[in-house]
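Numbering starts at 1 and runs along the sequence shown. All values derive from a computational prediction rather than experimental measurement.
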Amino acid sequence: MKAQGLLHTSPFGKGKNAVLQALEHLGYIQIDTLSVVERAHHHTLWTRIPDYKTEHLNALVKERKVFEYWFHAASYLPMKDFRFALPRMSEIRQNRSDLYRADPKIMQYVTDVIRGEGPKRATDFESEYKRKGSWWNWKPAKMALERLFMQGDLMIHQRNGMEKLFDLTERVLPGNINTTAPTPMEFAEYLVKTYLRAYGFTTVKQITHLKAGNTIRKNVHEVLAAMQEDGVIRKINIDGMPDVFMAGQSEEKKIRKPRPEIRLLSPFDNSVIHRDRVKQLFDFDFRLECYTPKAKRTYGYFCLPVLFGDTFIGRADCKAHRKEKQFELIHLHIENTDTDIALWIKPFIKSIRRFADFNNCTALKIGKVTPPELKEVLKREMQGDY
């Protein structure tokens with residue numbers, strides 16, 4: 001968790017510069033549209049940067065220090081890593097499957113409009129469709145925008161919430177950015193170094209997550225072998241896990257642990273996105289249940305993992321009622337009952353209050369608590385804030 005920036009209060013500094021530092025260290029921040037609480041990309045950064053504001057990320061996009069593309073999902077990435085998005089762009093450009101299908105004529109039309117009139121949103125083309133005598137409908141234009149974006153002809157110039165503003169890549173990409181496509185081995189090295197930096201240790205399965213083909217696995221194995229031979233990394237054995245590769249020399253360093261804090265993590269946080277890893281290392285079986293039918297949910301629609309120091313103690317099903325400015329803790333599940341409640345209760349209250357404030361809520365509502373006897377303790381400590 002130290003490598004993930006979750007053990008110290010301000011591991012990346014403060015303000016907008018800390019956002020860039022965090023993104024360059026982690027390699028990516030996943031974007032998600034769900035807004036039960038503040039969206040995943042903002043939530044993930046807020047967890048690591050106490051004074052984070054949503055405008056920080058938007059400003060970095062405008063300054064062309066950050067761009068949107070694909071890591072294992074839609075993500076914000078540091079602009080300095082742009083060249084490592086080129087292999088996927090090239091693959092999509094050559095791919096004729098239905099995944100990003102679009103009419104070439106519509107793609108050309110969309111490109112010409114943006115070239116001539118400047119950055120456009122999908123809804124701008126919806127307006128075009130509504131003009132009398134229009135010969136195409138909005139859906140093909142939206143598909144064309146996504147295809148042009150995924151194959152690298154367009155970039156996202158700016159966002160308003162989840163609404164994207166597209167412009168030509170040549171007008172968004174800074175002139176000093178390396179646009180040389182990486183070799184397969186360079187791409188493998190980029191992945192290995194990204195995961196080692198962001199997690200401290202990793203496995204081949206984690207590095208190649210959602211990346212198909214034997215070639216990438218072979219190249220990753222070769223990179224790891226070369227780094228091991230150079231003494232840059234070492235291989236360790238952890239029961240129940242495949243080979244684990246750790247950054248640094250074999251000598252163990254004594255790390256002074258800070259006072260544990262509570263972190264309410266996004267379900268899409270980098271630290272929990274690899275579910276198998278979290279289960280194997282922390283004995284925490286986390287699944288997002290919003291896509292599960294209500295009758296089959298165990299914990300709730302949108303549970304946030306509750307991390308106390310480097311221990312997962314439970315999960316909190318939350319919802320921000322923004323119009324009422326009320327933050328609802330629907331169900332707090334405490335699963336690690338071995339951890340003394342006196343140690344985590346005050347940090348938890350501090351964290352939930354901060355998170356409610358981050359969600360622009362001024363009141364807290366406490367619902368169900370498991371085990372039930374904890375609710376009275378929580379209510380007493382909250383002192384009328386529920």
What are the two closest non-hydrogen atoms of [X] and [Y], and how far apart are they?
{"X": "Thr180", "Y": "Arg83", "result": "O-NE, 2.8 Å"}
{"X": "Thr337", "Y": "Ile334", "result": "CG2-O, 4.1 Å"}
{"X": "Phe245", "Y": "Leu196", "result": "O-CD2, 3.5 Å"}
{"X": "Leu34", "Y": "Arg39", "result": "O-CG, 3.4 Å"}
{"X": "Arg147", "Y": "Asn95", "result": "NH2-O, 3.0 Å"}
{"X": "Asn359", "Y": "Arg322", "result": "OD1-NH2, 3.8 Å"}

Parallel, tilted or perpendicular, as decided by the 30° and 60° cut-offs, for the rings of [Y] and [X]:
{"X": "Phe282", "Y": "Phe312", "answer": "perpendicular"}
{"X": "Phe355", "Y": "Trp46", "answer": "tilted"}
{"X": "Tyr199", "Y": "His274", "answer": "perpendicular"}
{"X": "His56", "Y": "Tyr52", "answer": "perpendicular"}

Check this for me: does any side-chain nitrogen of one of [X] and [Y] sit under 4.0 Å from a carboxylate oxygen of the other?
{"X": "Arg48", "Y": "Asp269", "value": "yes"}
{"X": "Asp51", "Y": "Lys53", "value": "no"}
{"X": "Asp243", "Y": "Lys235", "value": "yes"}
{"X": "Arg88", "Y": "Glu91", "value": "no"}
{"X": "Glu68", "Y": "Lys164", "value": "no"}
{"X": "Glu24", "Y": "Lys65", "value": "no"}
{"X": "Lys296", "Y": "Glu289", "value": "no"}
{"X": "Arg121", "Y": "Asp124", "value": "yes"}

### Query
Run the side chain to side chain contact (heavy atoms under 4.5 Å, CB included) check on Lys319 and Phe327 step by step: do they pass?
CA-CA 6 Å; Lys319 182 175 175 62; Phe327 190 87; over 6 Å; no

#### Entry: Full working for side chain to side chain contact (heavy atoms under 4.5 Å, CB included) between Tyr28 and Thr194
CA-CA 9 Å; Tyr28 77 97; Thr194 296; 5.7 Å; no

### Task
Please list, chain by chain and in numerical order, all residues satisfying ring pair (Phe, Tyr, Trp, His ring centres under 6.0 Å) with Phe308, sequence neighbours excluded.
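With neighbours one apart ignored, the set is empty.
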
### Query
Less than 6.0 Å separating the ring centroids of Phe358 and His42?
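No, the ring of Phe358 stays outside the 6.0 Å limit from the ring of His42, centre to centre.
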
Is [Y] reachable from [X] through a run of I, L, V, M, F, W or Y residues, each pair having side-chain heavy atoms under 4.5 Å apart?
{"X": "Ile273", "Y": "Leu191", "value": "yes"}
{"X": "Leu165", "Y": "Met79", "value": "no"}
{"X": "Met162", "Y": "Phe166", "value": "yes"}

### Query
For residues Gln30 and Thr44, is any side-chain donor paired with an opposing acceptor at under 3.5 Å?
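No - no donor-acceptor pair under 3.5 Å links their side chains.
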
### Query
Between atom OG1 of Thr311 and atom CH2 of Trp344, what is the distance when rounded to the nearest 0.5 Å?
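Taking OG1 in Thr311 and CH2 in Trp344, the distance rounds to 13.0 Å.
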
### Query
Is there a salt bridge (Lys or Arg N to Asp or Glu O under 4.0 Å) between Glu376 and Arg380 once you walk through the steps?
CA-CA 6 Å; Glu376 287 306 313; Arg380 185 171 64 250; over 6 Å; no

### Task
With salt bridge (Lys or Arg N to Asp or Glu O under 4.0 Å) as the test, would you mind laying out the steps for Asp317 and Lys368 before giving the verdict?
CA-CA 10 Å; Asp317 189 21; Lys368 188 177 179 182; over 6 Å; no

### Partner set under side-chain contact (heavy atoms from CB on, under 4.5 Å) for Thr203, not counting sequence neighbours
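So Thr203 forms a side-chain contact (heavy atoms from CB on, under 4.5 Å) with Lys205, Gln206, Met241, Pro242, Val244.
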
### Query
Val272 and Arg275: side chain to side chain contact (heavy atoms under 4.5 Å, CB included), yes or no, with the steps?
CA-CA 6 Å; Val272 296; Arg275 312 301 194 203; 3.8 Å; yes

Output a table of donor-acceptor pairs, distance under 3.5 Å, between side-chain atoms of residues 298-307 and any protein atom two or more places apart or on a different chain; print 'none' if there are none.
none

### Query
Within a strict 4.5 Å, meaning less than it, do heavy atoms of the Lys211 and Arg217 side chains meet?
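They are not in side-chain contact.
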
### Task
Step by step, work out the side chain to side chain contact (heavy atoms under 4.5 Å, CB included) result for Val110 and Leu145.
CA-CA 7 Å; Val110 166; Leu145 278 169; 3.6 Å; yes

### Task
Apply the test side chain to side chain donor-acceptor pair (under 3.5 Å) to residues Glu261 and Thr9: give CA-CA distance (whole Å), side-chain angles for both, the deciding distance (0.1 Å), then the verdict.
CA-CA 8 Å; Glu261 295 182 13; Thr9 303; 2.8 Å; yes

